[in-house]
Amino acid sequence: MTGGRPTGQEASDPARFGVFEFLSNHARDESGRLDSTRGLLCGLGAGILEAVLVVCPMETVKVKFIHDQSSANPKYKGFYHGVREIIKAQGLRCITHNVNLWSSSTQTFFMPLTCHVSMKQRPVSASS
């Protein structure tokens with residue numbers, strides 16, 4: 001919380017780390033090791049679930065709050081009141097409908113990762 005107001009981080013970290021622990025416990029080999037590929041997939045799965053369950057809904061609420069506060073007659077009196085009023089007026093779907101926007105952050109994750117992996121696999125040539 002920042003100054004007594006929820007920021008989304010309160011739910012974001014437990015969601016990400018909890019899901020990662022859950023996935024990694026199921027992805028370990030018979031000796032209990034988690035190789036880098038499985039670790040990457042567990043991290044990716046945790047990030048996706050964090051985006052779907054926490055980040056996108058909080059960003060949607062934040063944008064609605066910013067829009068409301070810049071209006072001539074703000075109607076939300078605080079975080080909990082605002083979320084309750086948004087869901088009452090527009091339904092729960094209005095908070096979760098922007099989930100597909102996480103794909104752009106996934107692309108910015110995979111581009112450097114792909115470059116890194118391909119550069120690691122490239123043979124080193126001796127310079128003359």
Side-chain angles (χ1 to χ4, degrees):
M1 285 194 169
T2 306
R5 291 181 304 255
T7 62
Q9 203 64 28
E10 296 83 11
S12 185
D13 288 344
R16 179 177 54 238
F17 293 118
V19 169
F20 178 81
E21 285 301 314
F22 175 80
L23 294 175
S24 66
N25 286 337
H26 290 347
R28 295 182 189 282
D29 62 16
E30 53 278 347
S31 65
R33 286 183 352 104
L34 183 68
D35 64 28
S36 59
T37 303
R38 290 180 182 184
L40 174 72
L41 292 174
C42 291
L44 183 61
I48 289 170
L49 249 69
E50 176 191 19
V52 169
L53 298 176
V54 180
V55 175
C56 286
M58 282 302 291
E59 289 298 312
T60 301
V61 167
K62 183 173 77 173
V63 168
K64 289 180 182 294
F65 273 44
I66 291 169
H67 178 70
D68 180 64
Q69 294 302 306
S70 64
S71 70
N73 230 356
K75 55 186 170 187
Y76 306 137
K77 296 179 178 92
F79 177 78
Y80 297 108
H81 176 259
V83 170
R84 190 172 53 245
E85 291 300 308
I86 290 168
I87 292 172
K88 189 189 313 182
Q90 300 172 12
L92 188 58
R93 179 133 168 71
C94 78
I95 292 177
T96 60
H97 79 283
N98 286 327
V99 167
N100 64 345
L101 296 179
W102 68 268
S103 64
S104 64
S105 62
T106 303
Q107 292 167 5
T108 59
F109 169 77
F110 276 114
M111 182 60 79
L113 176 68
T114 304
C115 292
H116 174 73
V117 169
S118 67
M119 290 184 75
K120 278 181 65 176
Q121 294 173 349
R122 189 177 299 167
V124 178
S125 61
S127 56
S128 19

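Position 1 is the first residue of the sequence, and the numbers go up from there.
Listed here is the closest heavy atom pair of Asn73 and Asp68: O-OD1, 4.4 Å. Across every non-hydrogen atom of Tyr76 and Glu85, the tightest pair is CE2-CB, 3.9 Å. Considering all non-hydrogen atoms of both residues, Cys42 and Ala27 come closest at SG-CB, 3.7 Å.
Hydrophobic clustering (ILVMFWY, side-chain heavy atoms < 4.5 Å, transitive): Met58 and Leu49 are in one cluster. Side-chain heavy atoms closer than 4.5 Å link hydrophobic residues (I, L, V, M, F, W, Y) into clusters, and following such links, even through other members, never connects Tyr80 to Ile66. In the hydrophobic clustering of this structure, Val61 groups with Ile87; members are Ile, Leu, Val, Met, Phe, Trp, Tyr whose side-chain heavy atoms approach within less than 4.5 Å, directly or through other members. At a threshold of 4.5 Å between side-chain heavy atoms, the hydrophobic network of Ile, Leu, Val, Met, Phe, Trp and Tyr places Val52 and Phe20 in two separate groups. Note on Phe65 and Val54: same hydrophobic cluster, where clusters join Ile, Leu, Val, Met, Phe, Trp and Tyr whose side-chain heavy atoms are under 4.5 Å apart, directly or indirectly.
With rounding to the nearest 0.5 angstrom, the CG atom of Leu41 is 9.5 Å from the OG atom of Ser36. Here CD1 of Ile48 is found 13.5 Å from CZ of Arg16. Values are rounded to the nearest 0.5 Å.
Within the 4.5 Å cutoff, the side chain of Asp29 has heavy atoms near those of the Arg38 side chain.
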